[in-house]
Amino acid sequence: MLPPGPPRLPIIGNIHQIGKLPHRSFADLSRTYGPIMHLKLGRLNTVIITSPEAAREVLRTHDQTLSGRMSPNAVRIINHHKVSVAWIHPSSARWRLLRKLSVTHLFSPLRIEATKALRMKKVQELVRFMDESSKREEAVDISRASFITILNIISNILFSVDLGSYGSEKSNRFHDSVIGGMKVVGSPDLSNFFPFLEFLDLQGTSKKSKLFTETLFKVFQGFIDTKTAEKSLLKNPKDASNSDFLDALLDEAELDNNDIEHLLLTLRSLEKHQMEITSENAMFLLFCLITSCLLVFITARFRRSSCLTAKLPPGPPRLPFIGNIHQVEATREVLRTHDQILSGRKSTDSIRSIGHHEVSVIWLPASSARWRMLRKLSITQLFSPQRMEATKALRMKKVQELVSFMHERSEREEAVDISRASFTTVLNIISNILFSVDLGSYDVTSKSNRFQDTVIATMEAAGKPDAANYFPFLGFLDLQGNRKNIKACTERLYRVFRGFVDAKLTEKSLNNSKDVSDRDFLDALLVLREGDETELDNNDIEHLLLDMFAAGTDTSSSTLEWAMAELLNNPKSLARAQAEIDCLPNGIASEDLDMDETFGITLHRTNPLQAVPVKKRAYT
């Protein structure tokens with residue numbers, strides 16, 4: 001549903017109500033329609049935010065959802081929206097690459113510190129110029145003087161040269177091109193509100209945008225050619241401490257000259273914004289900022305029907321209240337074709353009751369920065385080729401223990417609970433990778449089974465059907481006791497995790513530092529927690545460990561249990577599997593055996609299709 005707003009005229013909508021001072025017009029309208037308003041600007045639906053509280057909700061609480069922006073015609077005409085970090089969507093891989101480059105080579109603490117002397121020098125030059133002008137009793141153009149200072153700071157960081165001079169008019173060409181380009185982008189344009197008028201270029205926006213950017217691109221290309229020629233003449237590459245931003249970009253394999261030019265164009269826009277903070281043209285800046293805010297909240301295009309009135313795809317008849325819960329529908333289109341769009345998942349009532357959905361890699365949206373951080377951490381410390389190779393011997397050992405256990409049961413002609421046995425094996429593999437200890441036992445009377453039972457109970461509480469998931473207003477009643485059960489189970493697990501954390505910290509305090517190759521996953525997490533810019537605390541570590549046990553143990557053991565059940569229900573397949581086990585070829589040496597990286601299946605190296613048994617018919 002759209003927020004309230006003033007009545008609209010045909011075709012132009014509410015454009016006539018913006019006026020020459022949009023911020024005042026919006027303030028006046030907000031007194032009638034509230035801090036969040038809906039205006040129709042031509043063919044575009046626009047949401048206007050006019051209060052600090054509403055702005056905080058948009059820019060901080062829901063920043064990921066509303067972080068995209070619609071590019072104006074002046075940006076689209078030069079294709080800047082396709083390659084610019086200012087315009088491409090933050091969820092794209094290219095945006096992350098460009099952002100990473102900018103952060104690493106421009107805004108990291110090391111680079112900020114390295115350019116500190118340069119910035120102080122340029123500000124001192126500004127002070128000296130103003131002092132000299134004051135002594136001569138000459139007026140100072142604050143706008144131009146601050147622009148020259150910022151221009152020279154940025155140009156030195158990018159190209160290692162000054163592009164401006166307080167006493168020269170030559171730099172005015174570059175000055176005018178930057179400001180002219182910013183004005184074109186920020187000025188209201190009819191084609192932004194009536195896209196079908198773009199080809200007419202009624203206000204000359206397209207022509208001006210092309211002209212200004214071509215001027216800037218010529219300057220950039222000149223520096224690129226100079227750097228490339230300089231690089232080809234040098235036998236040894238530049239020292240990193242002497243390299244500027246353009247040097248770093250030219251060394252980046254994933255960028256071409258077009259990408260570099262557009263990235264430099266984006267960074268050049270910073271000069272205009274910083275200069276106008278102290279400019280006499282404050283009203284113009286305010287107008288540009290308001291216009292930019294409008295573009296941020298404008299929808300991509302006006303849709304003829306809202307989401308609420310859009311036609312839904314066909315489906316089976318529904319029952320009152322429960323709808324189609326009693327029926328199953330096809331999911332291939334959702335999970336494969338449209339997996340990126342529909343990759344989020346709704347957290348269950350029991351998960352929300354312990355706050356796990358706010359910090360868990362399983363439940364966080366894949367578009368969030370925190371999810372990407374946790375995923376990167378898991379891949380680096382658990383699933384990288386180096387870590388998989390390092391834990392190979394451990395996985396082989398634990399699978400051999402499972403085989404030995406089943407062999408002993410087979411000798412005694414005792415039944416084996418495949419689910420529990422495989423769960424114990426996977427639990428011990430994971431607990432050794434995380435903590436370097438076994439937390440499960442094949443002996444059902446062992447005390448270590450308490451942890452195992454708690455993990456299973458936690459999974460059951462999280463996965464059990466719950467009326468509160470379908471009727472949220474029943475959540476506080478906890479009719480099925482899922483909230484109570486999961487809180488009790490997770491608290492027991494967290495106590496175990498805290499015990500390991502405390503033990504690791506005590507060991508470290510005694511100066512018993514471990515070699516990197518001997519560290520487990522918890523060691524790595526505690527090292528990361530100690531960094532100056534750490535994004536992890538104890539609560540994050542506990543929830544991440546919970547994810548590892550929940551995602552790794554039950555899924556693997558359930559897969560094996562279902563596979564065995566399917567074999568029992570398909571006698572022909574079972575007989576064929578038994579025959580393959582019985583027909584062990586002669587001459588297979590132990591060194592020819594290898595472990596499958598995923599499930600620890602013993603395979604023949606030169607012929608992976610030959611499964612090698614441990615004992616004849618042991619698994620049956």
Undergrad: Is a side-chain N or O of N570 found less than 3.5 angstrom from the main chain of L567, in a donor-acceptor match?
TA: no

Undergrad: Side chains of residues 540-548: which donor-acceptor partners sit under 3.5 Å, not counting sequence neighbours?
TA:
residue : atom : partner : partner atom : Å
D540    : OD1  : R370    : NH2          : 2.9
D540    : OD2  : R370    : NH2          : 2.6
D540    : OD2  : D537    : N            : 3.1
E542    : OE2  : R498    : NE           : 2.8
H543    : ND1  : H356    : ND1          : 2.7
H543    : ND1  : Y494    : OH           : 3.2
H543    : NE2  : N539    : OD1          : 3.4
D547    : OD1  : H356    : NE2          : 2.8
D547    : OD1  : S360    : OG           : 2.8
D547    : OD2  : S360    : OG           : 2.9
D547    : OD2  : V361    : N            : 3.0

Undergrad: I'd like to know if K398 and E401 make a salt bridge, using a cut-off of under 4.0 Å between side-chain N and carboxylate O.
TA: yes

Undergrad: Do the charged groups of D520 and K504 touch, with an N to O distance under 4.0 Å?
TA: yes

Undergrad: Side-chain contact, heavy-atom cut-off 4.5 Å: N538 with F497?
TA: no

Undergrad: Say you draw a straight line from CG of L525 to CG of L377; how long is it, rounded to the nearest 0.5 Å?
TA: 5.5 Å

Undergrad: Just jot down the salt bridge (charged side-chain N to carboxylate O under 4.0 Å, His left out) partners of R60, sequence neighbours excluded, or say none.
TA: none

Undergrad: State whether the side chain of R483 and the backbone N or O of S353 hold a donor-acceptor pair below 3.5 Å, judged by distance alone.
TA: no

Undergrad: Does E566 have any salt bridge (charged side-chain N to carboxylate O under 4.0 Å, His left out) partners at least two apart in sequence or in another chain, and if so, which?
TA: none

Undergrad: Is K484 salt-bridged to D478, cutoff N-O under 4.0 Å?
TA: no

Undergrad: Of all heavy-atom pairs between T380 and K376, which one has the smallest distance, and what is that distance?
TA: OG1-O, 2.7 Å

Undergrad: Test: side chain to side chain donor-acceptor pair (under 3.5 Å). Region: residues 459-469. Which pairs qualify, not counting sequence neighbours?
TA: D466-N482

Undergrad: For S347, enumerate each residue passing the side chain to side chain contact (heavy atoms under 4.5 Å, CB included) test, keeping only those at least two apart in sequence or located in another chain.
TA: I351, R352, H357, W363

Undergrad: Can you find a heavy atom in the side chain of V359 that is under 4.5 Å from one in the side chain of L364?
TA: no

Undergrad: For R56, give me all partners under salt bridge (charged side-chain N to carboxylate O under 4.0 Å, His left out), at least two apart in sequence or on another chain.
TA: none

Undergrad: Drop me the distance from E408's CD to E414's CD, to the nearest 0.5 angstrom.
TA: 10.0 Å

Undergrad: Are a donor atom and an acceptor atom from the side chains of S422 and E561 found within less than 3.5 Å of each other?
TA: no

